[in-house]
Amino acid sequence: MDELEALQTIGRLIKEERLAQGLSQVQLAKQAGTAIKTVRTLESGTRRTQEINQRKLEHALGWRAGSVSEVLKGKSNFAPDMITPDDMRSGEESRPGPPRVSVPSAPVARASHLSDEELLAELTYRMMHRNRG
């Protein structure tokens, strides 16, 4: 599977799952704690997004951590047109992948409550938004 095909597959899966859950793009973005642009970009199937945003969306959609990366890296066991949203959440125990990263639903007051990866993502996010305003 080439990169464009993988991106289009992820976009299709996100849209299918979002609609199955009765969510708008805005609602999904809010639930995941991402920008609406992130949801639109992924659903369009034209560009990648940051891994932390992929994980936030996986969490919001009830998918297995790392499932988006599996498809993007071509590590899925299914053909692109055969992957369903159920494949993204099933078999968490039996499928290899990166360790699950919990995404805090509310702001964390102490950095010591975050993993190194979460802390780095939070700092990157804050620096990017500080420089925009």
Side-chain angles (χ1 to χ4, degrees):
M1 168 177 356
D2 66 16
E3 183 171 11
L4 181 59
E5 192 175 29
L7 289 169
Q8 291 172 343
T9 299
I10 290 299
R12 175 184 58 82
L13 292 169
I14 290 173
K15 185 174 183 176
E16 282 179 22
E17 183 67 24
R18 175 179 61 78
L19 293 174
Q21 292 185 21
L23 299 172
S24 69
Q25 288 181 331
V26 172
Q27 290 169 319
L28 176 58
K30 187 173 184 176
Q31 187 174 320
T34 65
I36 180 64
K37 182 178 177 182
T38 299
V39 175
R40 286 186 180 138
T41 298
L42 282 170
E43 281 193 11
S44 73
T46 56
R47 286 184 28 199
R48 286 182 183 252
T49 187
Q50 294 178 340
E51 195 168 318
I52 188 70
N53 289 329
Q54 292 172 15
R55 292 211 175 128
K56 287 179 179 181
L57 284 166
E58 288 168 346
H59 181 75
L61 293 169
W63 291 354
R64 181 181 66 261
S67 57
V68 171
S69 289
E70 283 178 11
V71 174
L72 292 175
K73 293 177 182 176
K75 294 183 179 179
S76 174
N77 296 328
F78 305 99
D81 58 337
M82 300 299 290
I83 301 172
T84 67
D86 287 337
D87 297 323
M88 302 298 279
R89 73 176 138 264
S90 64
E92 182 171 359
E93 300 80 19
S94 62
R95 288 186 128 164
R100 184 167 183 91
V101 175
S102 62
V103 178
S105 57
V108 177
R110 298 181 152 267
S112 61
H113 295 153
L114 298 173
S115 69
D116 290 344
E117 185 177 82
E118 291 168 324
L119 180 59
L120 180 59
E122 180 66 24
L123 290 171
T124 302
Y125 175 84
R126 289 183 184 199
M127 293 302 293
M128 288 174 56
H129 282 80
R130 177 184 293 169
N131 292 335
R132 287 185 186 172

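Evaluation of the side-chain contact (heavy atoms from CB on, under 4.5 Å) rule for Gln8 yields Leu4 as partners, not counting sequence neighbours. Under the side-chain hydrogen bond (donor to acceptor under 3.5 Å, both in side chains) criterion, Gln31 pairs with no residue at all, not counting sequence neighbours. Residues satisfying the side-chain contact (heavy atoms from CB on, under 4.5 Å) test with Ser44, not counting sequence neighbours, are Thr46. Every residue was checked against the side-chain hydrogen bond (donor to acceptor under 3.5 Å, both in side chains) condition with Gln50, not counting sequence neighbours, and none meets it.
The shortest side-chain heavy-atom distance between Glu70 and Arg64 falls under the 4.5 Å cut-off.
Between the side chain of Glu58 and the main chain of Gly66, a donor-acceptor pair closer than 3.5 Å is present. In this structure a side-chain-to-backbone donor-acceptor pair under 3.5 Å is missing from Glu3 to Leu72.
Expressed to the nearest 0.5 Å, how far CZ of Arg55 lies from CH2 of Trp63 amounts to 15.0 Å. The structure places CD of Glu17 at 11.5 Å from CG of Leu57, a figure rounded to the nearest 0.5 Å. How far CD1 of Ile14 is from OG1 of Thr41: 10.5 Å, rounded to the nearest 0.5 Å. In this structure, CZ in Arg48 is found 9.5 Å from CD1 in Ile10, a value given to the nearest 0.5 Å. Interatomic distance, Lys56 NZ to Leu28 CG, rounded to the nearest 0.5 Å: 12.5 Å. A distance of 12.5 Å separates OG1 of Thr34 from NE2 of His59, quoted to the nearest 0.5 Å.
Nearest heavy atom pair, residue Ile83 against residue Leu13, reads O-CD2, 3.4 Å. What you find for Gln21 and Leu61 is that their closest heavy atoms are NE2-O, 3.1 Å.
Leu42 pairs in a side chain to side chain contact (heavy atoms under 4.5 Å, CB included) with only one of the listed residues (Leu7, Thr49, Asn53), which is Thr49.
Judged by distance alone, the side chains of Glu51 and Ser69 never bring a donor and an acceptor atom under 3.5 Å apart.
Sorted by first and then second residue, the salt bridge (Lys or Arg N to Asp or Glu O under 4.0 Å) pairs with a member in residues 20-45 read Arg18-Glu43; sequence neighbours excluded.
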